[in-house]
Every structure is written in C-alpha cells, then in structure tokens.
Amino acid sequence: MILGLALYYKAGCSTSGKTRKEPTVNKEKTIDRHCDVLVIGSGAGGLATAITARKAGLKVIVLEKDNVFGGTTALSGGVLWIPGNAHAAARNVNDSSDAARTYLRHEAGELYDEEEIDAYLEYGPQMLNFFENETEVKFIATDYPDYHPDNPGGADIGRSVVAAPYNARALGPEIKRLRPPLESITFMGMMFNSTNRELRHFFNVTKSLTSALYVTKKLVAHFAAVMRYGRGIQITGGNALVARLAKTAFDLEIPIITGAHAQELLLTDGAVTGAKVTIDGLQAEFEANMAVVLACGGFSQNQERLKTVYPHVSRGAMHSSLAPVGNVGDGIDLAEGAGAKFAPCLSQPAAWMPASIIPGKGGRTATYPHIVDRYKPGVIAVSPEGRRFTNEANSYHDFGCAMLRECGAQPYSWLICDHRTIRKYGLGFVKPAPVPLGSHVRSGYLKKAPTLVALAKTIGVDPAALEATVELYNTDAAKGEDLEFARGSTSFNRFLGDGDHKPNPNVAPVDSAPFYAIKVVMGDIGTFDGIATDVNGHVLRPDQTAIKGLFAVGSDRMSIMGGNYPGAGITLGPAMTFGYITGRYIASSATM
Ligand SMILES: Cc1cc2nc3c(=O)[nH]c(=O)nc-3n(C[C@H](O)[C@H](O)[C@H](O)COP(=O)(O)OP(=O)(O)OC[C@H]3O[C@@H](n4cnc5c(N)ncnc54)[C@H](O)[C@@H]3O)c2cc1C
C-alpha cells in the first residue's frame, strides 16, 4: 500500500538495488510505508533482524535517522563472539557449549539468565551458518583468546570470528550511504584487519623489505580508490560487516531509508502497529502489520541519561563515547512511550573504552579508543596520583572498570612510555616511526619531557610518586616480569602484546629519554543496560507482560553478559544472534 504523502529521499535508497548514475541527487519518490516488519535502526541488530525476517518471506522496511547507514556497527571491529562456531571446528579447536556456559555463568554472576544464554549458545552458531550460507555476509576465524581465559570455561582461542574484508565497490552507488569508519583509527582513511598481522607490517616498515613493500602496495591501492570513489573501498571489520549486511538487504529489496527519524510509536488497543517518522522535515506514518523492532543502538550519547546511569558522569567527570552522536536512546524512549520502563540493573551500564581526545582544527576534537597500545611492552598507565593501578594489558572494559575504582571520583589516567617504545609502536593516535610525532606535541595531545620528573610536572602528577612507580616497574621489567599486576600472565594479555619481544610480550622498561604521556578519559563503545525483553525480543512492561508488536534488538536490548565483557565480540555476537531469533520468531508468529 502506498500512502498519499509524497516524500523525498535519496535516490540511493532504491529498493530495487538497481544502480543509478547520480545516487546523491534528491528525486521525488513516493515511499511505500506499509510493511510487515518495521525496523528502526540500521546497525547489526536491525539489519540482522530485517534480513532474517525478509528471508522468511516478510515485507520489511528499515528506517535510519542518520544520512548514512550502519550506526556504531560500521565503526566497530566487526568481531562476533560465538562459542561453538563452525570456523573454530574447522580449525579443530575443542570447545563445548558446556564450557561456554560455565564461562558465562562465571562472567555474569548473579545476573546469569539461563534461558537467554541457552538460546544464545544454541542459535549463535546457527545464525552464523545462516548468514554465511544464505547471504553476502562472511566471517573468518580469529586467534582471539577470551578476555578472561583463565576463568572457569575460558578459552585460549576459537570463540571470536570477524567479518571478512570486503570490496565496497559491490555496493554500487550505495557506497555513498555507508557510514565511513572512525577516522581516528584509520591511517589516512585506510582500514586494517582486526588482527595483529597487518599492523605488524606497519610497525616494521623501516626494518623489513617485505613490510615496506606490503605497506607501499596498500597505500597505492588506497589512494587510487580515494581518487575514484571518494573513500577507501578495501574495507574491514565493522565497516565490512555493515556493507555485507546492506548488500544483502538491497539484494532482497529491503529499503534502508536514511534521514528517517522514528519519533513516536503508533498504538492500537495497546499493540504497537507502526511509527510516526520525520523524513526531511516531513511527518509520515509507517504501518507495520506484525512488528516494530527497536534497533537504535542504545543511549551512549544521551548526556541527561548518562548523568543518571554512569556514576562518574553524575559526578561531572569527562566522558567521551565512540558511538555515533545519534545514539541517544531513542529506542528506550519509544519503548517507554509504549509502556516499558527502563531500569538499569547491570554491574556496569556500558562497555567501557579508555579514550583520549585528539585536538583538531577550529576547536573540533576526535575521540581515540585505546584498543591496541596499552598491551605493548614499555607502555604503562598511572593514576592522577602517579601510581600504576591495573594490568594495562587487560581488556578495555576491565581497564575502564579499574579507572572507575582507582582513579578518583572524576576518573582519568595517563599512558606513559619512553622514546624507544613510542617510535616502535606509537601511542594512542601517535603513529610509530617514520611518521613524525612533533605535531601531536605541538597540539598538546602528546606530552613530552626530557626526564620523568619534568614529565610529571608537565602533567600535574607528583614527580616523586611517578619516579618511584617507574623505578619499581623497571626493576621487574628488566627481567620481563610484572610482579605488581602480572602483565603478560594471560593468553589475552599476550595476544595484543608484541610476540617478537622476549621474554614477555607485554613488558619492557621505561628508561630511554625523552618520555611521553597521553591523558586517558573514560569512554564507551556502547551501552549494556537496555530494555528488558523476553528471549524472543518482545519488549516487556514492568509486570513482565509483553507489549504486543514491539521488539528490541542490539544495544537497545539489555546485554546478556550482566555488565561484564567476556570476550571480543560480545555485543555484535548477541546483536546478530538475537536479531536472527527475533526475525524468525516474528515470521513464525505469522503462521500461528
Ligand atoms: C570503535 C568500536 C569498536 C567496536 N568493536 C566491536 C567489536 O569488534 N565487536 C563487538 O561485539 N562490538 C564492538 N563494538 C560495539 C558494537 O559496535 C555495538 O555494540 C553495536 O554495533 C551496536 O549495534 P546496534 O545494531 O545495536 O546499534 P548501531 O550499530 O549503533 O545502530 C543503531 C542505528 O540506529 C539509528 N537510530 C537511532 N535512533 C533512531 C531513530 N529514532 N530512528 C531511526 N534510526 C535511529 C542510529 O542512527 C544508528 O545508525 C565496537 C564499538 C566501537 C565504537
């Protein structure tokens, strides 16, 4: 059914998937606003649900309020944590759902939800097979250990897979609507695989002919693509995942309507039957026969809600989320409007990410996620008092939890290293040699001083405390040990260290002047607290009854991990698995 109001949307939104010569030109087009399933949000949660429902024969529309599709997912590493996946089995990795269950029971503690975890472990591998066999979405195995591999049921390898790299040319004109990757983690717009192998070539570019040739070839191909398409086309991680999901959606004639902001749900006799949407300033009503699915990506950018849910923000501390600015919790607001009640209850409300703020031109800033540097030998972190406070080679979430515990009411910390280390590995947004680092010192992002005492004075830390901290660390580091915090003690620590650095890939002294520091503030990569649902994704009222016709997936739905972060991919894994479960459930209810 095509409703009367004529709307305008980008020609690239074509439901037919046919290529057009001028995709960015606005063309008048009447939008079909009637469907079986209306999905609000175009990240992994929304697209996985949309594709599953469409494959089951339903008519699906995806709304996206931004002018690009992909949400946080497009900025992510594209890693999914799926215990028992076929890629691990093909590598003869021994895993069992009992071991994964034990691990998750340990990780989630009192918040362990047996029904949800059972569904996750059963349908996760099935979801992967479905997407790999029936869509453009493909994955490859990774060597990631779990983040707490020594805990009961933990695994040293096998549970995380990553989206296979993709040539975004396959999207045709739609490439223009694919959210670009985070600029702060690309190198001149170029993307890397989420494994250590490719980065190692960049670290070794001045020392190995093979690495120099590899890097040169990559740069030449990248700049040729930028000239032709306006962006890099050899994409990896979450950008590749979204491109693959979107290609599938377009092939299946699922429209992804960008610039479409869902603002209110339509209710008929208590059941959700559609949404009021603003598109290019015009109001429209979209009707859904069977379901509206909230997939708005959580509330990381809602400053008012953060004040009530993030303890450090309530105390006025700096916080910088990596999620897109549009992720302001619309899904939660919409659910509450239909009778749900947001009740944060997890041990941590979000997936923490230590972040630094990169000053840019005209007062603009960018946020850098400290994903890989903390693990490298010779990089340590100190509190505002100048003491080490954690094993820096633990996961970003664990590092964030340690900052919340140990770095004051308004937590921040400093990453510190010496000249040898920063030139070898870089630090934060500062790249290794031969890329110059002077501009970062001049911008104030990177603090530099000839001695530790001078560095301490520059960053406002007690010089005696910093000297004592580094002296204690160096004494053990000379032997490749860290008796204070056990860096290098787990397979996960070592995985992101430097395997060529002996005897401990995570430990080297901090002793070769000059010295450097970068300020690290609290950040997140998405929220854990979310809307309460049943296992099929039905949004629940406070009395646990389901709101008819309303579902939530992805970060809008409360995390099943209890506020903990067991391994690489524990948000995208459930986002796609429960998207698959919800899509199938909605389709099966059509035949009930
Ligand atoms: C740097 C980084 C790396 C990460 N790496 C990983 C990783 O490797 N593995 C992992 O598991 N997790 C990772 N994450 C976290 C992961 O990306 C998110 O948890 C996940 O993408 C959330 O998916 P989603 O579908 O719920 O939401 P999103 O992908 O954020 O999509 C939500 C979309 O909904 C849209 N929207 C919001 N409100 C409305 C509205 N009212 N109307 C219409 N549209 C709306 C938004 O604009 C957005 O595009 C990473 C995150 C970051 C920032």
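All of these numbers come straight from a predicted model, not from anything done at the bench. For this chain, numbers begin at 1 and follow the sequence in order. Ligands are counted one by one from 1 in listed order, and the atoms in each one are counted from 1 as well.
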Test item: side-chain donor near acceptor, Thr258 and Asn67, under 3.5 Å: no
Polar pairs, ligand 1 vs protein, N/O only, below 3.5 Å.
{"from": "ligand 1", "atom 1": "5 (N)", "to": "Gly77", "atom 2": "N", "distance (Å)": "2.9"}
{"from": "ligand 1", "atom 1": "8 (O)", "to": "Gly77", "atom 2": "N", "distance (Å)": "3.4"}
{"from": "ligand 1", "atom 1": "8 (O)", "to": "Gly78", "atom 2": "N", "distance (Å)": "3.3"}
{"from": "ligand 1", "atom 1": "8 (O)", "to": "Val79", "atom 2": "N", "distance (Å)": "3.1"}
{"from": "ligand 1", "atom 1": "9 (N)", "to": "Val79", "atom 2": "O", "distance (Å)": "2.8"}
{"from": "ligand 1", "atom 1": "11 (O)", "to": "Val79", "atom 2": "O", "distance (Å)": "3.3"}
{"from": "ligand 1", "atom 1": "11 (O)", "to": "Thr571", "atom 2": "N", "distance (Å)": "3.2"}
{"from": "ligand 1", "atom 1": "11 (O)", "to": "Thr571", "atom 2": "OG1", "distance (Å)": "2.8"}
{"from": "ligand 1", "atom 1": "11 (O)", "to": "Leu572", "atom 2": "N", "distance (Å)": "2.6"}
{"from": "ligand 1", "atom 1": "12 (N)", "to": "Thr571", "atom 2": "OG1", "distance (Å)": "2.6"}
{"from": "ligand 1", "atom 1": "19 (O)", "to": "Thr571", "atom 2": "OG1", "distance (Å)": "3.1"}
{"from": "ligand 1", "atom 1": "21 (O)", "to": "Thr73", "atom 2": "N", "distance (Å)": "3.1"}
{"from": "ligand 1", "atom 1": "21 (O)", "to": "Thr73", "atom 2": "OG1", "distance (Å)": "2.8"}
{"from": "ligand 1", "atom 1": "23 (O)", "to": "Thr73", "atom 2": "OG1", "distance (Å)": "3.4"}
{"from": "ligand 1", "atom 1": "25 (O)", "to": "Ala44", "atom 2": "N", "distance (Å)": "3.3"}
{"from": "ligand 1", "atom 1": "25 (O)", "to": "Gly45", "atom 2": "N", "distance (Å)": "2.9"}
{"from": "ligand 1", "atom 1": "26 (O)", "to": "Ser555", "atom 2": "N", "distance (Å)": "2.8"}
{"from": "ligand 1", "atom 1": "29 (O)", "to": "Thr72", "atom 2": "N", "distance (Å)": "3.1"}
{"from": "ligand 1", "atom 1": "29 (O)", "to": "Thr73", "atom 2": "N", "distance (Å)": "3.0"}
{"from": "ligand 1", "atom 1": "29 (O)", "to": "Thr73", "atom 2": "OG1", "distance (Å)": "2.6"}
{"from": "ligand 1", "atom 1": "30 (O)", "to": "Thr72", "atom 2": "N", "distance (Å)": "2.9"}
{"from": "ligand 1", "atom 1": "30 (O)", "to": "Thr72", "atom 2": "OG1", "distance (Å)": "2.5"}
{"from": "ligand 1", "atom 1": "30 (O)", "to": "Asn327", "atom 2": "ND2", "distance (Å)": "2.9"}
{"from": "ligand 1", "atom 1": "31 (O)", "to": "Gly43", "atom 2": "N", "distance (Å)": "3.4"}
{"from": "ligand 1", "atom 1": "34 (O)", "to": "Ala295", "atom 2": "O", "distance (Å)": "3.4"}
{"from": "ligand 1", "atom 1": "38 (N)", "to": "Asp330", "atom 2": "OD2", "distance (Å)": "3.3"}
{"from": "ligand 1", "atom 1": "41 (N)", "to": "Ala262", "atom 2": "O", "distance (Å)": "3.0"}
{"from": "ligand 1", "atom 1": "41 (N)", "to": "Asp330", "atom 2": "OD2", "distance (Å)": "2.8"}
{"from": "ligand 1", "atom 1": "42 (N)", "to": "Ala262", "atom 2": "N", "distance (Å)": "3.1"}
{"from": "ligand 1", "atom 1": "44 (N)", "to": "Lys65", "atom 2": "N", "distance (Å)": "3.0"}
{"from": "ligand 1", "atom 1": "47 (O)", "to": "Glu64", "atom 2": "OE2", "distance (Å)": "2.6"}
{"from": "ligand 1", "atom 1": "49 (O)", "to": "Glu64", "atom 2": "OE1", "distance (Å)": "2.6"}
{"from": "ligand 1", "atom 1": "49 (O)", "to": "Glu64", "atom 2": "OE2", "distance (Å)": "3.1"}
{"from": "ligand 1", "atom 1": "49 (O)", "to": "Gly71", "atom 2": "N", "distance (Å)": "3.3"}

What is the ring orientation for Tyr147 with Phe492, classed by angle as parallel under 30°, tilted 30 to 60°, or perpendicular over 60°? tilted
Taking the six-membered ring for Trp and the single ring otherwise, decide whether the centroids of His319 and Tyr310 are under 6.0 Å apart. yes
Nearest non-hydrogen partners of Glu107 and Asn564, listed with the distance: O-ND2, 3.1 Å
Phe578 and Tyr585: aromatic ring centres closer than 6.0 Å? no
Are the aromatic ring centres of Tyr565 and Tyr396 under 6.0 angstrom apart? yes
